[in-house]
Amino acid sequence: MLSECFIFGVITFLIAGAQCQDTEVFAEAGSQAVLPCKYSSKSTVAPAILWNNGNKGTVWRKDKNGLQYWGSSWTHRARCPHSQFERGDFSLQLNDVTEQDGGIYLCRVVGDRGVTESRIVLIIIKVSVSPVVPMSGSDVSISCKVTPESHRGTVRWMLNNRPFGTAKSVVNEKASARVTGNWTCVVGYKGKEGRASATLTVKGIIHPSKDYAKLYTAVGSAITLPCVFSPGLFPVKPALEKLKPGSLFLHTPDRLPASFIASSPSSQPTSDHSATLNEVEFEDQGTYRCSGVVKGQWLTRNMQLVVAKIDSSTPSKKRDSVTLTCQLTDTSEVVDYEWVHVVHDINGTQSVESIQKGKTLSLGKVSEENQGEWTCRFYGQQGMLGNVTHHVPMMGGLSGKKSSSVSNNTTAVVGLSILLLVLLLVLVKMYLNHQRRKRILQYPALETIVHTTSNEREERERNREKK
Ligand SMILES: *[C@@H]1O[C@H](CO)[C@@H](O)[C@H](O)[C@H]1NC(C)=O
Ligand SMILES: *[C@@H]1O[C@H](CO)[C@@H](O)[C@H](O)[C@H]1NC(C)=O
């Protein structure tokens with residue numbers, strides 16, 4: 001009798017112990033939560049199931065006779081998929097969960113093998129941003145709310161899938177591009193983790209999306225310099241300017257490129273103040289600034305224009321060969337160069353052949369095969385940044401002979417000119433010598449002439465005095 005009592009006590013203790021084993025289920029507010037409940041039985045007789053919520057009473061119930069009941073507030077949101085019943089799975093699906101759904105749930109299955117009860121704690125995580133869309137530069141707070149509060153555990157944050165170093169459940173920041181993106185709150189409780197996210201968008205300049213973003217372009221091509229504000233944001237004194245190099249802190253405007261076309265001022269207020277460079281020159285590289293005043297606040301975003309060109313040179317020794325060098329005004333992001341030869345076939349279709357890696361390309365002898373368009377593609381850590389194309393003129397083959405004859409002619413002309421010049425110099429020298437000799441011969445004669453005339457004059461005067 002006593003031992004029976006003891007055994008009964010142990011059993012009740014075990015059952016009670018088992019009952020206290022809570023299962024935590026995390027769910028993000030607005031998503032679907034699945035609360036597990038298992039009951040294994042080989043019997044074909046369907047058991048009775050009861051899902052109960054600690055605060056709100058019955059969620060869903062199925063009697064032995066197959067009749068179902070829903071609690072008043074769960075009619076549309078709670079579901080227990082019958083297809084899983086055969087496997088002894090009586091999990092409850094709750095759709096579109098809210099903070100109020102957080103709490104304790106009980107699953108009670110009554111079958112031929114007795115009664116099982118499981119206790120599940122549904123933990124709702126909600127991330128909210130306030131204000132929903134802050135102005136660039138204003139205060140913003142991102143908060144992570146966990147219900148029930150008793151199950152908060154630890155909190156850590158991820159911003160755009162990278163850890164954001166804080167364990168606080170409310171993060172206060174100044175709205176900027178740095179904190180824009182996807183905020184994820186990771187809640188840890190008893191070794192399990194649940195997460196919820198929210199997106200923070202900041203009102204202000206949306207293009208370029210971050211400061212000092214690099215724009216790659218090639219000499220001669222056209223490019224749009226973006227300067228776009230959030231929709232519905234019409235800045236006062238919008239401007240897209242080029243900044244003087246070296247004026248990193250002063251930001252003095254520089255002369256605009258020759259082919260710069262600002263967006264035409266329209267009568268309608270607009271949030272797009274992008275400008276175009278019609279034909280980029282190598283000197284157009286540098287820092288450009290998009291700015292405007294919104295609600296008394298001056299918003300700016302800088303961008304870096306990187307211009308690429310190809311320098312072609314001919315080594316003095318080998319007249320037919322060409323060396324191409326891929327030049328960029330800023331190579332800080334470039335990790336690799338690749339040269340491709342663009343081939344146009346008879347049908348006009350383009351195809352490219354990857355030829356060589358590296359900044360420079362040496363074409364040993366320009367021939368029909370390797371003349372034409374050569375493109376230098378430059379790559380960054382994330383892939384291709386841009387490309388620049390150079391046209392190598394035909395020099396080998398037939399035109400090669402022509403060009404060499406042209407150069408022969410040039411040498412002939414140059415030689416002849418030098419010869420003529422020397423001849424001219426010799427002639428001039430000879431003429432001068434001749435002149436000099438003539439002068440030396442002339443002078444005594446001139447002297448006698450002067451002498452005789454003066455003698456004559458003296459004689460005449462003497463004669464006059466005598467008279
Ligand atoms: C040119 O086009 C024709 C017909 O479309 C095709 O049969 C031929 O192979 C093409 N030639 C080349 C060099 O691609
Ligand atoms: C060069 O870049 C332009 C624009 O990204 C692309 O359309 C073109 O195919 C590229 N050319 C080559 C040869 O890679």
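Throughout, residue positions are numbered sequentially from 1 according to the sequence presented. Since the structure is predicted, the reported quantities are computational estimates derived from the model, not experimental observations. When a ligand or atom number is given, it counts from 1 through the structure's own listing order.
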Can you find an N/O atom of Asn387 closer than 3.5 Å to an N/O atom of ligand 2? yes
With a 4.5 Å cut-off on side-chain heavy atoms, are Thr184 and Trp157 touching? no
Pull out every atom of ligand 2 sitting under 4.0 Å from any heavy atom of Arg377, numbered as shown with elements. 12 (C), 13 (C), 14 (O)
Check Asp96 with Arg77, please: is the shortest side-chain N to carboxylate O separation under 4.0 Å? no
Does atom 7 (O) of ligand 2 have any protein heavy atom closer than 4.0 Å? no
Can you sort out which atoms of ligand 2 are near Thr375, meaning under 4.0 Å from one of its heavy atoms? 13 (C)
So, Thr323 versus Ser313: side-chain donor-acceptor pair below 3.5 Å or not? no
Under 4.0 angstrom from atom 3 (C) of ligand 2, is there any protein heavy atom? yes
If the threshold is 4.0 Å, N to carboxylate O, is there a salt bridge linking Lys56 and Asp101? yes
Taking the six-membered ring for Trp and the single ring otherwise, decide whether the centroids of Phe26 and Tyr189 are under 6.0 Å apart. no
